[in-house]
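Below: the structure, in structure tokens.
All figures in this text were calculated on a predicted structure; none of them were measured in a lab.
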Amino acid sequence: MKRVISLLAAVMLIVLLAACGGGTSAPRTLRIGVALYQQDDTFISSVARELQRAAQEAEQSGDVKINLYITDGKGSQTVQNEQIDRFLDRKYDVICVNIVDRTAAAVIIDKAETANIPVIFFNREVSNEVVNSYEKCAFVGTDAPEAGHMQGKLVGDYLLANYDAVDLNGDGTISYVMFKGQE
């Protein structure tokens, strides 16, 4: 999981710097607004910490100062929209969105395009139609069905190799519980 978080943070920062003209000779301040759907989610809080670490690392190795402002939508699209509106009103250089309600992405894109501010959606996938509607929009994340298939294959391979150890009561049946993440 740490590698996924690191990769996400690295990709986001590379895209951010490229989109905002990083690499100029004079030190520049890059203002990044990050709108999380719910910061008390274990994975999302890990992403937030990794983004902060990656921003500090980028500052130390480059000629850019990064102001990373992270907000918590607390599971409410209305709250998150207000936070994103503040980022847009204050002319942030880029906005990263872990969207609460994926159907609200088009509204965010319309506002960002009007303000000419790049948007990066991450983790919670939005439709390709929405992402492709604005040239300064991207999605960073995994293909959820593919990840599920990969996880299933790993579990299946492990069970085949360790069946006797996993069949705890020796009845020839493996009992399990499957959890599905939020839509």
Self-check item: Over all atoms of both residues, closest heavy-atom pair of Ile44 and Asn123
Solution: CD1-ND2, 3.4 Å
Practice problem: Could you tell me whether the side chain of His149 reaches within less than 4.5 Å of the side chain of Glu146, counting heavy atoms only? | Solution: no
Exercise. Can you measure from NZ (Lys153) to CG (Asp157) and round to the nearest 0.5 angstrom?
Key: 3.5 Å
Quiz item: Any side-chain heavy-atom pair from Leu36 and Phe122 closer than 4.5 angstrom?
Solution: yes
Practice problem: Inspect the surroundings of CG in Asp164 and state if more than 12 heavy atoms from other residues, nucleotides or ligands are less than 6.0 Å away. | Solution: no
Quiz item: Measuring from Leu88:CG to Asn116:CG, what's the distance to the nearest 0.5 Å?
Solution: 11.0 Å
Practice problem: Please name the residue in the list Ile120, Ile70, Asn67, Ile66 that meets the side-chain contact (heavy atoms from CB on, under 4.5 Å) test with Ile32. | Solution: Ile66
Quiz item: Do other residues, nucleotides or ligands put more than 12 heavy atoms under 6.0 Å from the OH atom of Tyr134?
Solution: yes
Exercise. Give, for atom CG of Asn162 and atom CG of Asp167, the distance between the pair rounded to the nearest 0.5 Å.
Key: 12.0 Å
Quiz item: Any sub-3.5 Å donor-acceptor pair from Gln80's side-chain atoms to Ala35's backbone N or O?
Solution: yes
Quiz item: Any side-chain heavy atom of Val130 within less than 4.5 Å of one from Asn132?
Solution: no
Practice problem: Please name the pair of heavy atoms, one in Gln77 and one in Ile99, separated by the smallest distance, quoted to 0.1 Å. | Solution: OE1-CG1, 3.5 Å
Exercise. Please confirm whether the backbone N or O of Thr42 pairs with a side-chain atom of Ser45, one donor and one acceptor, at under 3.5 Å?
Key: yes
Self-check item: Atom NZ of Lys111: over 12 foreign heavy atoms under 6.0 Å
Solution: yes
Quiz item: Under 4.0 Å between a Lys/Arg side-chain N and an Asp/Glu carboxylate O for Arg86 and Glu82?
Solution: no
Quiz prompt | ILVMFWY network linking Val107 to Val126, side-chain heavy atoms under 4.5 angstrom | solution = no
Exercise. Find out if a path of hydrophobic residues (ILVMFWY) with successive side-chain heavy-atom gaps under 4.5 Å connects Leu51 to Val140.
Key: yes
Self-check item: Closest non-hydrogen atom pair between Ala58 and Val64, with its separation
Solution: O-CG1, 4.4 Å
Quiz item: Measuring from Ile109:CD1 to Ser133:OG, what's the distance to the nearest 0.5 Å?
Solution: 5.5 Å
Practice problem: Measure across Gln39 and Asp72 and return the closest heavy-atom pair with its distance rounded to 0.1 Å. | Solution: N-OD1, 3.1 Å
Quiz item: Hey, quick one: are Val131 and Ile117 part of the same hydrophobic cluster, counting side-chain heavy atoms closer than 4.5 Å, chains of contacts allowed?
Solution: yes
Self-check item: ring pair (Phe, Tyr, Trp, His ring centres under 6.0 Å) involving Tyr92 - partner list, sequence neighbours excluded
Solution: Phe87
Quiz item: Roughly how far, to the nearest 0.5 Å, is the CZ atom of Arg53 from the OG atom of Ser46?
Solution: 12.5 Å
Practice problem: Please report the shortest heavy-atom distance between Ala112 and Val119, naming the atom on each side. | Solution: CB-CG2, 3.2 Å
Quiz item: Does atom OH of Tyr158 have more than 12 heavy-atom neighbours from other groups under 6.0 Å away?
Solution: no
Quiz prompt | Step-by-step side-chain contact (heavy atoms from CB on, under 4.5 Å) determination, Asp110 to Ile108 | solution = CA-CA 5 Å; Asp110 289 344; Ile108 294 168; over 6 Å; no
Quiz prompt | Over all atoms of both residues, closest heavy-atom pair of Arg124 and Arg102 | solution = C-CD, 4.1 Å
Quiz item: Atom CD1 in Ile95, atom NZ in Lys136: separation rounded to 0.5 Å?
Solution: 12.0 Å
